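The structure appears below as structure tokens.
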There are 2 protein chains.
Amino acid sequence: MKEIARLADVSLGTVSNVLSGLPTVREPLRKRVLEAVQALGYQPNQLARGLRRDKTNIIGMVISDVSNPFFAAVVRGAEDTAFKNGYRLFICNSDNDFTKEQTYLREMQTYLPSGLIIMTSNIKGSLALAEEYRKAGSAVVYVDRLPHHWTGDTVTSMHEDGAYQATKHLIGLGHKLLSMIGGSSQLTNSGERVAGFRKALREARITLKPEYIQEGKFDKESGYQKATLLLNMSPRPTAVFAANDLLALGALNAIRHFGLRCPEDISVIGFDNLDVAEFVTPSLSSVEQSVYQLGAVAAQMIVDRIQGDTGPRKERVLTTALRLRASVAPPPMQDAAKRARHKPSGKN
Amino acid sequence: MKEIARLADVSLGTVSNVLSGLPTVREPLRKRVLEAVQALGYQPNQLARGLRRDKTNIIGMVISDVSNPFFAAVVRGAEDTAFKNGYRLFICNSDNDFTKEQTYLREMQTYLPSGLIIMTSNIKGSLALAEEYRKAGSAVVYVDRLPHHWTGDTVTSMHEDGAYQATKHLIGLGHKLLSMIGGSSQLTNSGERVAGFRKALREARITLKPEYIQEGKFDKESGYQKATLLLNMSPRPTAVFAANDLLALGALNAIRHFGLRCPEDISVIGFDNLDVAEFVTPSLSSVEQSVYQLGAVAAQMIVDRIQGDTGPRKERVLTTALRLRASVAPPPMQDAAKRARHKPSGKN
DNA sequence: ATGAAAGCGCTAACAT
DNA sequence: ATGTTAGCGCTTTCAT
């Protein structure tokens with residue numbers, strides 16, 4: 001920048017004014033400066049600028065794991081919107097590890113980010129730091145899963161309604177012995193999906209023993225493991241609603257290894273509608289959420305806040321939609337018959 | 001930091017020395033400083049530190065797209081290794097867009113990263129900037145695909161050998177009319193895979209019309225499109241080797257929409273062995289590369305260089321292995337018979 | 001409208 | 001062994 005000042009024969013301050021787009025600089029000088037910038041291929045040092053401005057063009061983004069396609073899609077939505085507006089995403093993989101999330105959050109704060117997008121793995125732990133970010137002047141948005149006492153901006157999906165619709169569909173097909181594999185009960189998204197599942201059951205006057213609702217970890221391994229548990233139960237459920245597609249994929253594997261067929265013996269519905277849902281066999285029915293939009297909307301909120309939006313708290317809730325594919329069918333006849341014989345008056 | 005100095009009743013420089021781990025500070029002082037750090041929950045401002053040191057703990061990483069599971073896996077390998085060593089990954093999605101890659105590269109340089117990991121989409125364009133990074137003191141490693149005149153560190157897979165083994169396997173099953181869908185011919189990884197394919201053909205004395213080797217774009221859409229072209233050719237190929245799994249997935253779709261069956265009518269082998277390969281129907285045979293390792297090794301190289309390794313250029317080449325699944329079978333009998341009738345003396 | 005200069009938080013060279 | 005201070009590249013007030 002010093003060189004530019006020398007080359008254009010102006011002061012340092014003038015160069016800065018030109019670069020910051022201040023209208024106070026007159027045409028001849030402005031032009032000379034811009035030419036010098038071109039000639040030298042100058043790029044402003046973001047470290048120095050950030051230090052001085054007390055703010056960089058970084059937006060921090062905390063997720064569990066980019067190699068999970070759900071998070072990857074949210075990241076892309078956020079990145080596209082951020083990039084278009086001149087902001088850059090700094091991705092932090094927490095791996096659902098409290099310590100790692102904390103380390104990232106603390107350190108990233110000292111990079112003076114303009115904003116923070118959190119898909120936390122620790123509903124409790126991140127809140128205090130998030131508030132610190134806000135106090136320090138960063139715009140903060142929680143996405144997909146929320147801490148209970150967060151009073152700032154949020155973007156989520158209609159978890160409960162999506163789960164409700166999926167469950168209702170299964171019930172409509174004649175399923176009476178349903179089961180569910182949830183994610184971590186700490187996560188509000190998973191909690192709401194379980195609530196939607198229960199709501200549909202309640203409306204249909206179906207009561208389920210508690211063990212038919214298993215709690216997993218939002219990955220394939222968990223899905224396999226919990227589905228195995230469910231398949232060993234007696235009576236065996238005729239439908240599994242999984243709180244996300246990864247769990248559903250694991251469940252599909254378990255069903256296969258059990259020598260059972262999906263959907264003939266047991267129906268499966270997932271959540272998220274990942275790309276992979278249409279590729280698996282049988283193709284997986286799933287509750288679609290606008291994953292890319294989740295990120296895009298969050299980033300746009302941040303950008304708006306940075307640009308001075310001081311309006312009240314925003315809580316965007318994106319719609320979900322049931323995508324039916326081959327993994328769903330009415331319950332098997334013989335099972336229904338068997339159950340009827342064994343428990344003629346049962347509520348199940 | 002000023003506050004710490006005050007609280008511990010020492011000078012600013014001493015605080016800095018303690019934090020930088022210099023052994024010159026005596027125990028009593030050192031302890032007082034550390035206590036003050038704890039008490040205040042101090043975190044060093046990375047912007048200021050980086051500005052002064054002329055280097056941050058950032059490692060830039062340029063990829064096409066995190067939502068592509070291949071890149072996501074490489075990123076995770078790199079992130080884990082980087083994080084363990086105190087470095088943070090700054091992900092840049094180039095989207096195979098030269099301008100975007102350039103923008104990211106130029107701007108990120110002003111964040112004074114310690115290192116740069118590039119999986120470039122522009123074999124030519126990135127080279128000049130990469131050299132700039134090197135000159136500026138950043139460690140640079142090219143991964144998976146290389147510019148032709150790069151003389152620095154690299155990590156790649158055995159693209160050619162992997163493709164060779166896959167093709168040889170198809171030939172061994174009796175396939176004589178093979179086809180291939182490559183990625184962008186500009187990318188060295190794709191080029192080497194095509195070379196491996198050709199090498200196996202050559203050894204088996206099989207000649208192919210040029211149109212049986214199509215060039216795509218490393219995504220599903222391209223796979224679908226190019227496979228459609230291939231399926232319309234006469235004679236129709238009995239096997240498709242796709243330069244990556246995404247292309248193979250698209251090809252699988254095309255085959256299905258054509259009313260053909262895989263592997264009965266046509267065999268398919270992909271490359272990368274993504275998780276999804278075992279979930280699709282038929283499960284996809286693929287050339288496995290150690291995707292996670294690709295990133296992990298690259299990050300380790302960077303860390304080593306930062307820590308003073310001044311040894312000669314390193315060119316790590318990771319092994320590949322053919323993973324056979326359901327998508328591969330011998331060529332259909334009737335086709336072979338038909339072809340024999342139509343072109344009794346043909347080389348194909 | 002332009003220039004001069006202070007200072008963001010830190011490190012490192014130098015002085016004590 | 002510890003303290004003092006210049007300065008990294010930039011923005012922003014304050015003079016001019």
Side-chain angles (χ1 to χ4, degrees), chain A residues 1-34 36-37 40-58 86 106-114 132 136-138 306, chain B residues 1-37 40-58 86 106-114 136-138 306:
Chain A
M1 195 158 137
K2 241 189 276 179
E3 286 192 47
I4 295 179
R6 195 150 40 79
L7 203 78
D9 195 35
V10 294
S11 81
L12 226 81
T14 303
V15 176
S16 175
N17 285 339
V18 172
L19 292 172
S20 304
L22 290 201
T24 68
V25 186
R26 288 241 191 96
E27 208 32 63
L29 276 200
R30 158 179 228 80
K31 205 183 152 204
R32 255 158 53 206
V33 171
L34 258 19
V37 167
L40 296 174
Y42 169 82
Q43 285 280 122
N45 181 315
Q46 296 289 342
L47 250 32
R49 172 177 284 189
L51 183 59
R52 190 56 238 252
R53 285 194 177 160
D54 223 60
K55 206 134 292 298
T56 60
N57 68 344
I58 293 176
R106 298 210 103 89
E107 179 177 312
M108 204 179 44
Q109 196 175 9
T110 74
Y111 273 105
L112 309 182
S114 288
E132 260 193 52
S138 302
I306 293 171
Chain B
M1 195 157 137
K2 241 189 277 180
E3 287 192 46
I4 295 178
R6 194 151 39 78
L7 203 79
D9 194 35
V10 294
S11 81
L12 222 77
T14 302
V15 177
S16 176
N17 285 338
V18 172
L19 292 172
S20 304
L22 290 202
T24 69
V25 185
R26 287 242 192 94
E27 208 32 63
L29 278 200
R30 157 177 229 82
K31 203 182 154 203
R32 253 157 58 205
V33 170
L34 258 19
E35 277 170 4
V37 167
L40 297 173
Y42 168 82
Q43 285 281 121
N45 182 315
Q46 297 288 342
L47 251 31
R49 171 177 283 189
L51 183 59
R52 190 55 237 250
R53 284 195 178 160
D54 222 61
K55 206 133 294 295
T56 60
N57 67 343
I58 293 176
R106 298 209 104 89
E107 180 177 312
M108 203 179 45
Q109 195 175 10
T110 74
Y111 273 105
L112 309 182
S114 287
S138 302
I306 293 170

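Model, not experiment: these values are computed from the prediction. By convention in this document, chain letters (A, B, ...) are assigned in the order of the sequence lines, proteins followed by strands, and residues within each chain are numbered from 1.
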Checking side-chain contact (heavy atoms from CB on, under 4.5 Å) for the pair B:Leu34/B:Lys31: CA distance, chi angles, key distance, verdict?
CA-CA 5 Å; B:Leu34 258 19; B:Lys31 203 182 154 203; 5.8 Å; no
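In this structure, OH on B:Tyr111 lies 3.5 Å from CD1 on A:Ile58, to the nearest 0.5 angstrom. Here the CD1-CG distance, from A:Ile4 to A:Asp9, works out to 14.0 Å after rounding to the nearest 0.5 Å. Here A:Leu40 contributes atom CG and A:Arg6 contributes atom CZ; the two are 9.0 Å apart, rounded to the nearest 0.5 Å. Note that the CG atom of A:Leu47 and the CZ atom of B:Arg49 stand 12.0 Å from one another [nearest 0.5 Å]. Note that the CZ atom of A:Arg53 and the CG atom of A:Leu112 stand 12.5 Å from one another [nearest 0.5 Å]. One distance of note links NZ of A:Lys55 with OG of A:Ser138; it measures 4.0 Å at 0.5 Å rounding.
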In 5'-to-3' order, the base (B), backbone-only (S) or no-contact (-) status of each nucleotide in nucleotides 9-16 of chain D, using a 4.0 angstrom heavy-atom cut-off, is BBBB----
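The CG-C1' distance, from B:Asp9 to D:dT2, rounds to 12 Å in whole Å.
Under a cut-off of 6.0 angstrom, the local environment of CD in A:Glu3 is sparse, with at most 12 non-hydrogen atoms contributed by other residues, nucleotides or ligands.
In this structure, A:Thr56 contributes its side chain and A:Gly50 its backbone to no donor-acceptor pair below 3.5 Å.
Taking a 4.0 Å limit (strictly below) on heavy-atom distances, residues 23-35 of chain B does not reach DNA chain C anywhere.
Here the range on DNA chain C touched by chain B, meaning any atom under 4.0 Å from one of its heavy atoms, is C:dG9 to C:dA12.
Counting heavy atoms from C-beta on, the side chains of A:Pro44 and B:Glu107 never come closer than 4.5 Å.
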